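Inspection log for the structure reproduced underneath, given as structure tokens.
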There are 2 protein chains.
Amino acid sequence: MSATPTPTPSTDWLRLDQQICFSLNAASRAFGGLYRGILKDLGLTYPQYLVMLVLWEHGGLPVKKLGEHLRLDSGTLSPLLKRLEAAGLVRRERSARDERSVEVHLTEEGTALRERALEVPRRIAAATSFDVDEIRALRARLDELTVALDAAAEADAEAGA
Amino acid sequence: MSATPTPTPSTDWLRLDQQICFSLNAASRAFGGLYRGILKDLGLTYPQYLVMLVLWEHGGLPVKKLGEHLRLDSGTLSPLLKRLEAAGLVRRERSARDERSVEVHLTEEGTALRERALEVPRRIAAATSFDVDEIRALRARLDELTVALDAAAEADAEAGA
DNA sequence: AGCCATTTAGTTGTGCACAATTGAATTGTG
DNA sequence: CACAATTCAATTGTGCACAACTAAATGGCT
């Protein structure tokens with residue numbers, strides 16, 4: 001071993017402050033903290049809010065479709081939807097024409113909650129201090145990144161298999 | 001169904017695809033998936049890898065300092081560090097001069113793991129298809145955002161109190 | 001029709017994030 | 001010194017992410 005490695009030239013690729021993933025993770029959790037405060041009034045967690053957004057936009061959907069919109073699987077959605085159902089915001093019912101599928105519908109209360117949710121994006125936007133174009137550009141960048149990462153993870157998984 | 005609300009003009013602020021937080025969250029989870037595959041060889045999860053990065057860079061640290069670097073509290077770190085200890089990568093010992101504090105040190109094995117971790121950033125960078133300057137710019141942007149969000153969450157919390 | 005691969009939700013188990021609380025050690029103040 | 005306030009780690013409890021598996025329903029194929 002001899003003498004601590006400490007190579008740390010200006011290009012130490014293992015430095016935390018050089019890792020994009022850390023900045024991303026930190027920003028994601030900072031958003032989480034802000035949403036937590038704002039959504040508490042609505043009785044929603046952030047992932048629950050995302051589910052409600054999809055339902056408000058598309059109406060009733062099977063769990064599968066919901067998962068495609070949000071990139072989440074039934075392992076995450078099943079318990080989350082149960083909690084939304086317990087809160088009286090959604091109903092879950094087996095599809096008549098395909099008994100495997102469970103369709104998620106808004107209740108009256110769930111539909112009504114949309115009105116109160118309208119102020120959420122405004123409060124969030126106020127917090128970022130970024131203007132609309134900056135947000136759009138950043139979002140586009142991140143989506144590019146996500147596509148590249150998903151493709152790479154896919155390729156990696158297949159190489160490993 | 002009495003006419004779905006569907007206000008959806010081109011500025012429906014509740015549309016999922018307009019929300020920066022969703023892109024951020026998606027990118028963060030996409031990174032997670034990629035790291036999961038790469039770090040499996042090292043026997044680390046992504047948060048465990050972050051802890052190891054800090055230890056490789058700074059050497060032994062009390063849990064508190066570790067948490068400041070990573071923005072994590074003892075509720076997250078305590079069990080995580082126990083798992084790293086069980087894996088033989090770190091030792092935890094009460095500080096002699098302040099019995100409240102627990103110092104986390106790398107074991108030989110933990111120090112040695114750094115060599116094998118050197119290829120991780122390379123593999124990640126290859127997956128992003130972004131060049132170094134783009135990454136740097138994106139990271140700077142995200143860090144700005146994080147600062148703004150933390151400040152806003154702080155202000156929000158105080159207003160609520 | 002009978003059989004089999006696929007699809008769809010749900011369940012189980014592991015690990016992380018975070019709020020709230022506990023308990024011990026330390027520090028500040030009278 | 002005594003005692004209140006603070007600091008630090010750990011614990012408890014809730015909820016999310018994801019892998020692996022189960023069970024039921026479906027659709028294709030012979």
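All chains are named by letter (A, B, ...) in the order of the sequence lines, taking the proteins before the strands, and each is independently numbered beginning at 1. All values reported here derive from a predicted model rather than from experimental measurement.
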Tell me the interatomic distance from [X], atom [atom1], to [N], atom [atom2], rounded to whole angstroms.
X: B:Leu84; N: C:dG15; atom1: CG; atom2: C1'; result: 12 Å
X: B:Phe22; N: D:dA17; atom1: CZ; atom2: P; result: 10 Å
X: A:Leu66; N: C:dG10; atom1: CG; atom2: C1'; result: 15 Å
X: A:Leu39; N: C:dC18; atom1: CG; atom2: P; result: 15 Å
X: B:Leu44; N: C:dT14; atom1: CG; atom2: P; result: 19 Å
X: B:Leu72; N: D:dT11; atom1: CG; atom2: P; result: 17 Å
X: A:Tyr35; N: C:dA19; atom1: OH; atom2: P; result: 17 Å
X: A:Asp73; N: C:dT8; atom1: CG; atom2: C1'; result: 12 Å

Salt bridge present between B:Lys82 and B:Glu85 (N-O < 4.0 angstrom): no
Return yes if some donor-acceptor pair links the side-chain N/O of [X] with the main-chain N/O of [Y] below 3.5 Å, else return no.
X: B:Asp73; Y: B:Thr76; answer: yes
X: B:Thr111; Y: B:Leu106; answer: no
X: B:Arg94; Y: B:Glu99; answer: yes

Determine: side-chain N/O of A:Lys82 to OP1/OP2 of D:dT14, distance under 4.0 Å, yes or no. no
Would you indicate, yes or no, if C:dA9 has its OP1 or OP2 atom less than 4.0 angstrom from a side-chain nitrogen or oxygen of A:Ser101? yes
Could you pick out which residue, A:Gly33 or A:Glu103, lies toward the 5' side of DNA chain C when each is mapped onto its nearest nucleotide? A:Glu103
Nearest nucleotide by nearest heavy atom, which residue falls closer to the 5' end of DNA chain C, A:Arg29 or A:Pro79? A:Pro79
Check the pair B:Asp150, B:Arg71 against salt bridge (Lys or Arg N to Asp or Glu O under 4.0 Å), reporting the backbone distance first and the verdict last. CA-CA 11 Å; B:Asp150 278 346; B:Arg71 296 166 168 273; 2.6 Å; yes
Is the ring pair B:Trp56/B:Tyr49 parallel, tilted or perpendicular, if the boundaries are 30 and 60 degrees? perpendicular
Among the candidates [options], find the nucleotide nearest to the side-chain atoms of [X].
X: B:Arg92; options: C:dC18, D:dA10, D:dA9; answer: D:dA10
X: B:Thr76; options: C:dA9, D:dC18, C:dC18; answer: C:dC18
X: A:Arg36; options: C:dA9, D:dC8, C:dA19; answer: C:dA19

Side-chain touch B:Val51/B:Leu77, heavy atoms, less than 4.5 angstrom: yes
Shortest non-hydrogen contact between B:Leu34 and B:Ala127, atoms and distance: CD2-CB, 3.4 Å
Closest contact, heavy atoms only, B:Glu93 versus B:Arg91: OE1-NH1, 3.0 Å
Say whether A:Leu118 and A:Met52 are linked into one hydrophobic cluster, either directly or through other cluster members, by side-chain heavy-atom distances under 4.5 angstrom. yes
Which one is paired to C:dG30, where only Watson-Crick or G-U wobble pairs with both distances under 3.5 angstrom count? D:dC1
The contact string for nucleotides 23-28 of chain C, one letter per nucleotide 5' to 3', using protein heavy atoms under 4.0 Å with B, S and - for base, sugar-phosphate only and none, comes out as --BS--
What does B:Leu77 touch in the nucleic acid at a heavy-atom separation under 4.0 angstrom: a base, only the sugar-phosphate, or nothing? nothing
So which one's nearest nucleotide on DNA chain D is more toward 5', A:Thr45 or A:Ser74? A:Thr45
Per the under-4.0 Å heavy-atom filter, residues of residues 46-54 of chain B near DNA chain C come out as B:Pro47, B:Gln48
